[in-house]
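Each remark here refers to the structure printed beneath this line.
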Amino acid sequence: MKKINILLLEDSKVDADMIRKELEEEGLCFNLTRIETENDFIRHVKNGGYDIILSDYNLPQFDGLSALQITQDLAPSLPFIIVTGSLSEEVAAQCIQRGAWDYVVKERLFRLSSSINKCLALNIAKTSSQQAEETRKK
């Protein structure tokens with residue numbers, strides 16, 4: 001099984017450890033790179049090599065919606081999931097409207113593994129469909 005390369009934008013080591021533990025307990029095979037700053041985030045997204053991004057919504061000097069916009073500008077096909085401690089339905093809907101693939105509340109991390117798998121499967125389907133369309137046009 002191929003390891004999933006996950007970029008985690010998370011300022012709390014405790015929360016990052018909870019996320020890592022939950023994914024391990026769910027049997028997900030992954031490499032996780034944790035970063036905390038906007039500059040590191042931009043650098044990692046530009047360098048590529050990730051299958052999915054997990055992003056906290058609230059960071060000290062950066063936020064999940066800004067990270068989402070950067071991802072859409074630099075790597076628009078990269079799945080992006082907001083993982084947050086608290087998110088109102090209004091804010092969650094705003095994240096999805098702006099292009100987040102899903103959101104998971106940290107109190108329900110048991111949803112994270114299935115959300116990741118769903119987003120990755122959807123991305124594969126979208127890529128295959130786009131390739132078929134390009135082949136058809138040629």
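Side-chain contact between Ile6 and Thr33 is absent, with no heavy atoms from C-beta onward closer than 4.5 Å.
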* Full working for side chain to side chain contact (heavy atoms under 4.5 Å, CB included) between Leu28 and Ile116 -> CA-CA 9 Å; Leu28 203 64; Ile116 289 171; 4.0 Å; yes
* Give the C-alpha distance, both sets of side-chain angles, the deciding distance and a yes or no for side chain to side chain contact (heavy atoms under 4.5 Å, CB included) between Leu74 and Ile42. => CA-CA 8 Å; Leu74 298 176; Ile42 291 169; 4.3 Å; yes
* To do: May I have the step-by-step check of side chain to side chain contact (heavy atoms under 4.5 Å, CB included) for Arg43 and Ile35, ending in yes or no?
  => CA-CA 10 Å; Arg43 183 171 45 85; Ile35 55 171; 5.9 Å; no
* Please test Asn117 against Ser114 for side chain to side chain donor-acceptor pair (under 3.5 Å), starting from the C-alpha separation and ending with a verdict. => CA-CA 5 Å; Asn117 286 324; Ser114 62; over 6 Å; no
* I would like to know whether Val83 and Ile19 meet side chain to side chain contact (heavy atoms under 4.5 Å, CB included); could you show each step before the answer? => CA-CA 9 Å; Val83 183; Ile19 290 167; 3.9 Å; yes
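Proximity of a side-chain donor or acceptor of Arg111 to a complementary backbone N or O of Val105 within less than 3.5 Å is not detected. Using a distance-only test at 3.5 Å, with no hydrogens or angles considered, no donor-acceptor pair links the side chain of Asp56 to the main chain of Thr84.
The shortest heavy-atom contact between Cys119 and Trp101 is O-CZ3, 3.5 Å. Of all the heavy atoms in Glu10 and Glu36, the pair that sits closest is O-CG, 3.4 Å. Of all non-hydrogen atoms in Phe80 and Ser55, the two that sit nearest each other are CZ-CB, 3.4 Å. Among all heavy-atom pairs drawn from Ala100 and Ile82, the shortest one is CB-CG1, 4.2 Å. Counting all heavy atoms, side chain and backbone alike, Phe41 lies closest to Ala67 at CE2-O, 3.4 Å. Taking both residues in full, the closest heavy atoms of Cys95 and Tyr57 are given as SG-CE1, 3.8 Å, listed atom of the first, atom of the second, then distance.
For the pair Lys13 and Asp17, the salt-bridge criterion is met [side-chain N within less than 4.0 Å of a carboxylate O]. Between Asp51 and Lys3 there is no salt bridge, since none of the side-chain N atoms of the basic residue sits less than 4.0 Å from a carboxylate O of the acidic one.
With Leu9 as the partner, the side chain to side chain contact (heavy atoms under 4.5 Å, CB included) test is satisfied by one option alone out of Asp63, Thr71, Leu59: Leu59. Partner of Leu54 under the side chain to side chain contact (heavy atoms under 4.5 Å, CB included) criterion, out of Leu7, Val104, Leu112: Leu112 alone.
Taking Arg20 as the reference, nothing meets the side chain to side chain donor-acceptor pair (under 3.5 Å) condition, with sequence neighbours excluded. The side chain to side chain donor-acceptor pair (under 3.5 Å) test applied to Glu38 returns no partner, not counting sequence neighbours. Shown here are the side chain to side chain donor-acceptor pair (under 3.5 Å) partners of Glu22, two or more places apart in sequence or in another chain: there are none.
Interatomic distance, Asp73 CG to Lys46 NZ, rounded to the nearest 0.5 Å: 10.5 Å. We find the CG-CG distance between Leu122 and Asp102 to be 10.5 Å, quoted to the nearest 0.5 Å. With rounding to the nearest 0.5 angstrom, the CD atom of Gln69 is 8.0 Å from the CZ atom of Arg98. The line from CG of Leu109 to CD of Glu26 is 10.0 Å long, rounded to the nearest 0.5 Å. To the nearest 0.5 Å, the span separating OG on Ser113 from CZ on Phe30 amounts to 9.0 Å. Note that CD1 of Ile53 is 9.5 Å distant from CD1 of Ile70, once rounded to the nearest 0.5 Å.
Note on Leu78 and Ile96: same hydrophobic cluster, where clusters join Ile, Leu, Val, Met, Phe, Trp and Tyr whose side-chain heavy atoms are under 4.5 Å apart, directly or indirectly.
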